[in-house]
Amino acid sequence: MMIAQLLPNSSIWMLALTSVALRAQGARQPDYLDETKSTDERVADLLPRLTVEEKVAMVHAKSSFAVEGVPRLGIPELWMDDGPMGVREEVGQHTGGGFDSLNREDDFATAMPATIGLAATFNTDLAGAYGSAIGQEAKQRHKNIMLGPSLNIQRTPLCGRNFEYLGEDPFLTSRIAVHYILGEQAQGVASCAKHLAANNQEEQRDSISVEMDVRTLREIYLFSFRACVQEAGVLTVMGAYNRFRGQHCCENDFLLNKVLKDQWGFKGLVMSDWGGVHNTELAALNGMDLEMGTLPPYSKNYLATPFLDGLQSGRFPMSALDEKVRRHLYVMVKLNMIHDPAATPAGSETNGVLSTQAHQDIARRVAEESIVLLKNEELLPLNPANLKTVAVIGANATAKFARGGGSANIKAPHEITALEGISNRIGGAVKIIYAPGYNPPAGRGRHDRGDTAPPAADADANLIADAVAAAKSADVVIYVGGLNHEGGYDTEGSDRPDLKLPGGQDDLLETIVKANPKTAVVLMGGGAVEMGSWLSRAPALLYAWYPGMEGGHALARVLFGDVNPSGKLPCTFPKRLADSPAHALNAYPGANGTVTYAEGLLVGYRWYDTKEIEPLFPFGYGLSYTRFKYSDLKLKPGRNPAAPGVTLEFKIANSGDREGAEAAQIYVQPLTPSVPRPLKELKAFAKVSLRPGRSRKVSVRLNRDAFAFYDADKKGWVAEKGDFNILVGSSSRDIALRATYRLPQTVFDPD
Ligand code: BGC
């Protein structure tokens, strides 16, 4: 029986207007609207319905962050936004110096801690929560694609965007990114893995050409992108600004066509970085699907009229256009964006939320777990009951960071500074004196567009005198300094001038720890800094990254022991810049437009370990207010010879007197490799929370890929028969347990 016969007359008329009724009465619904069809079937049905002009309009920007739709077919505009630490405010046109702010009041978002801090949590559940919160806020703001996470490996500690990357290790980067993307895309928003590939410095980022060997490319710089494609199903990827082997990454046949699409089977959309396309023919043919960011008039963009002309004259095959639009439609169908044009006003529905308490709680939890305790000689946690006066010293105690750093900036509903967090926690009962102590960096830094850095602010005698007086009058000093997003520090478009603490902070700290030896030093920033001789005198040191809108609360909870720190360094802190690989080899920032990654595979701890260079603080390092004991390592090799691998079991006990969490790290060390390999590599980690006196058995599986290296001749991954040490520890240099696993036979997996 037809549905219409069961309904009252008035309802029949209403329903008759909808596609539901049309379908019920046998009217033919196009396949592309049929949700029972596969994504590929729907796309195949929709694509031929578009005119060439409509299709070309879909492969380049129509405004700063949007792409044209085809309303007559129910294809809405595609909207995107930065990423990766929250949903950026609405912006207008780019005026050359930056985007126009629209000064709206409904576009604030939860400012999560910087993603480098997320990596420091070593907590994949938190990465999922972080991504999912951003996805929900993106949904509310009608964004279809969020431009993150940012996956570039930290090659040099100077890189201006290290704060928004995930550290120096490809495995850690891949785990955090995969969970972030799974969380975000579960909300019906596409993530964008960026920037493919080798965008490891901001210096000359638009033009520098990167050279490296094949293994380094696959094992270090492409590793996490592949995981995001194959494990997380990331729907979009952004090409990088720089060139790779002479060809711009956004027009790079090898990276985009050969590796990403052909080898890895990526079915989604590749977009350019903003203004990253330079040539119509190369963009048309080398795998770029969507040109973003070039300034108006957009009709003059490389993939706009010049592309249309080339298609119409037969210079480019129509298949090149169809390939791009197919990918665009694939993403839209996956996001459930395409609807019957007669039935649904495109883009009106949303089921997201703006910054909620729940999301701000996630921001606070991530900040708490990201803070790394680097040193503690019985000063922390502080007990407010024993304190009358606390001196808070340092410009970062009152600084806010969410609005800085370039495209990753966020307009937060509030941002709790360190001083506010400390005051909220102990103010009233304890007297708090504040002194800035130094002038923080200001202004813009060296920039690839030719700006020069303002000279680093000199030490200021008056500020120092005030700080010393404050330190002397207090029971303890909480120093909050480090970097900020100004003056060429931790900012997109420029690299740091050096690895020193700016503004004369080394000298200031020296003076302060002498004035009051009970000084807890808190540094904020995107990564390593060299530390002066004050470090041996200061009893406590915390690294807090850029801790997001709830950062001050998180920091106070760590300082006063409400939270036990459990962060671990996602990047090595060298004693001096010259110890770090790219700088030791004079292989940064390159010469004559090219940078050659001379250190090859030996990035981060792989370098320090293999070359036996003692770092200041190693990768994976981070203390706790309690103690953990590792024991009882057992290896249980798998029985299936075709799928070799091993399950490890070991025990962690909390032998101290506070609840705490430990990120146990598992490194693999090949003992009989047939090719040069780093001394050891991180291949698994597990974060375990334990009450005092408790212990837990941890079980971790290492599959064959944990043992594999990339074979350039065979074009794939070789897990080579032989012996491997399995090292379990609390940092890359604190190995508590070891055992040897014999991989019974060589296994090959094509890339
Ligand atoms: C950045 C990208 C960002 C884009 C849009 C570029 O300058 O490199 O990461 O997504 O701008 O703001």
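Remember, it's 1-based here, ligands and their atoms both numbered in the order they're listed.
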Identify whether the distance between the nearest side-chain nitrogen and carboxylate oxygen of R403 and E89 falls below 4.0 Å. yes
Are the charged groups of R327 and E323 less than 4.0 angstrom apart, N to O? yes
Near [X], which atoms of ligand 1 are under 4.0 Å from a heavy atom of that residue?
{"X": "K194", "value": "2 (C), 3 (C), 9 (O), 10 (O)"}
{"X": "D273", "value": "1 (C), 2 (C), 3 (C), 4 (C), 6 (C), 7 (O), 8 (O), 11 (O)"}
{"X": "R205", "value": "7 (O), 8 (O)"}
{"X": "L147", "value": "10 (O)"}
{"X": "R161", "value": "1 (C), 2 (C), 8 (O), 9 (O)"}
{"X": "S407", "value": "1 (C), 2 (C), 3 (C), 9 (O), 12 (O)"}
{"X": "F65", "value": "5 (C), 12 (O)"}
{"X": "R88", "value": "12 (O)"}

Judged by atom type as modelled, is there a donor-acceptor pair below 3.5 Å linking the side chain of E168 to the main-chain atoms of T572? yes
I'd like to know whether ligand 1 has M238 as a neighbour, heavy-atom separation below 4.0 Å. yes
Measure from NZ or CZ of R155 to the centre of the six-membered ring of Y588 and say whether it is under 6.0 Å with the direction within 45° of the ring axis. no
Under the rule for ring pair (Phe, Tyr, Trp, His ring centres under 6.0 Å), what residues qualify as partners of H248, not counting sequence neighbours? H278
For atom 10 (O) of ligand 1, the protein heavy atom that lies nearest, with its residue and separation: D82 OD1, 2.5 Å
Provide, to 0.1 Å, the distance between atom 7 (O) of ligand 1 and the closest protein heavy atom, together with that atom's residue and name. E492 OE2, 2.6 Å
Check the side chains of N103 and S101 for a donor-acceptor pair under 3.5 angstrom, ignoring hydrogens and angles. yes
Would you check if the distance from the ring center of F65 to the ring center of F99 is below 6.0 Å? yes
Using the salt bridge (charged side-chain N to carboxylate O under 4.0 Å, His left out) criterion, which residues pair with D273? Sequence neighbours excluded. none
